[in-house]
Amino acid sequence: MGIIKFIKKAIKYLYRETVLYAIWHFSSYFPLFPTFMSKFRPISWRWLGAEIGKGCLIGYGIYLDVSSLKRLHIGNNVLFGSESLILLHRRDLKKYCQGMSTHDIPMKEYHIYIEDNVQIGMRAMIMPGVRLGKGCVVGANSIVTKDVPPYTIVAGQPAKVIKEVPEKI
């Protein structure tokens, strides 16, 4: 009975580590048809387990945790700039102590919530456990470490609010 359980685990691992990564890599880095691919990427991310709304456009070369995509929640009409990084895990440094191997530090996985009409600039980094409020804008090369309020513009490393978006008159 133990060998069957091992084989099932091995098949599940190989599926996750090869097929899912192949789908993500193809959709992220396929160089032809950039307009088509920016619309195809949300579809492929849904196949991989992410929750994505309608009208999203995803730029070239976005890096994310493929095996943790079920923890990524994206609203409608979200725009991702190219080469952004979305992290859904981090090391649990509360359990780190002297003499411990870095391989022994456990990983913790977190959800990321990106609400409707968010714009994420090129090469922005979204850290684990963050919520991006409705209508916010994340500047290029920013590192988002905390929740972003709705209708604000954030930029910097770490990202800070630089402006609130005014209401429509």
Side-chain angles (χ1 to χ4, degrees), residues 16 20-94 105 107-169:
R16 188 182 78 225
L20 296 182
Y21 278 92
I23 292 170
W24 165 76
H25 195 272
F26 172 79
S27 70
S28 289
Y29 294 105
F30 190 70
L32 301 175
F33 316 116
T35 305
F36 168 75
M37 290 307 291
S38 67
K39 294 176 183 174
F40 174 74
R41 285 182 194 108
I43 295 168
S44 68
W45 286 15
R46 278 188 205 105
W47 290 343
L48 296 172
E51 180 185 313
I52 300 181
K54 296 178 181 174
C56 295
L57 294 176
I58 299 174
Y60 173 85
I62 306 280
Y63 180 81
L64 43 84
D65 299 337
V66 175
S67 60
S68 300
L69 266 178
K70 63 183 174 276
R71 290 177 173 77
L72 182 60
H73 311 277
I74 301 172
N76 298 318
N77 304 311
V78 174
L79 306 176
F80 286 89
S82 295
E83 300 176 7
S84 296
L85 175 66
I86 302 169
L87 289 176
L88 295 159
H89 77 278
R90 71 171 150 226
R91 298 273 182 182
D92 187 6
L93 294 177
K94 292 177 183 172
I105 304 170
M107 291 286 211
K108 286 183 78 176
E109 293 184 337
Y110 296 85
H111 289 262
I112 291 180
Y113 296 91
I114 302 173
E115 296 179 8
D116 297 345
N117 302 313
V118 171
Q119 300 174 54
I120 299 171
M122 187 174 190
R123 294 191 178 128
M125 184 183 300
I126 312 299
M127 298 301 284
V130 168
R131 177 181 291 272
L132 302 180
K134 186 174 183 177
C136 75
V137 177
V138 177
N141 288 316
S142 297
I143 300 176
V144 181
T145 58
K146 296 179 181 172
D147 291 354
V148 176
Y151 297 104
T152 56
I153 299 172
V154 297
Q157 301 170 354
K160 295 181 179 159
V161 175
I162 58 172
K163 183 180 178 183
E164 291 187 17
V165 177
E167 288 186 33
K168 191 175 182 180
I169 300 174

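This structure is a prediction, so every number in the text was calculated from the model and none was measured.
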Short side-chain to backbone donor-acceptor contact, [X] and [Y], under 3.5 Å:
| X | Y | value |
| --- | --- | --- |
| D116 | K134 | no |
| Q157 | N141 | yes |
| N76 | K54 | yes |
| R46 | G53 | yes |
| S84 | M122 | no |

Can you tell me how far the [atom1] atom of [X] sits from the [atom2] atom of [Y], to the nearest 0.5 Å?
| X | Y | atom1 | atom2 | answer |
| --- | --- | --- | --- | --- |
| L132 | I126 | CG | CD1 | 5.0 Å |
| I120 | I58 | CD1 | CD1 | 9.5 Å |
| L88 | M127 | CG | CE | 11.0 Å |
| Q119 | N77 | CD | CG | 10.5 Å |
| I114 | L79 | CD1 | CG | 11.5 Å |
| I112 | R131 | CD1 | CZ | 11.5 Å |

Q: Go through the steps for M107 and R90 under the test side chain to side chain contact (heavy atoms under 4.5 Å, CB included), then give the verdict.
A: CA-CA 6 Å; M107 291 286 211; R90 71 171 150 226; over 6 Å; no
Q: Please work out which of the three classes, parallel, tilted or perpendicular, describes the rings of W45 and F80, given edges at 30° and 60°.
A: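 Because their plane-to-plane angle is over 60°, the rings of F80 and W45 count as perpendicular.
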Q. So H111 and H73, would you call those rings parallel, tilted or perpendicular, with 30° and 60° as cut-offs?
A.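 It falls in the parallel class, under 30°.
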Q | Criterion side chain to side chain contact (heavy atoms under 4.5 Å, CB included) on T145 and V130, from CA distance to verdict | A | CA-CA 7 Å; T145 58; V130 168; 5.8 Å; no
Q.
side chain to side chain contact (heavy atoms under 4.5 Å, CB included) for E164 and Y151? Distances and angles first, verdict last.
A. CA-CA 6 Å; E164 291 187 17; Y151 297 104; over 6 Å; no
**Q.** Which residues share a salt bridge (charged side-chain N to carboxylate O under 4.0 Å, His left out) with E51, sequence neighbours left out
**A.**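 Not a single residue meets the salt bridge (charged side-chain N to carboxylate O under 4.0 Å, His left out) criterion with E51.
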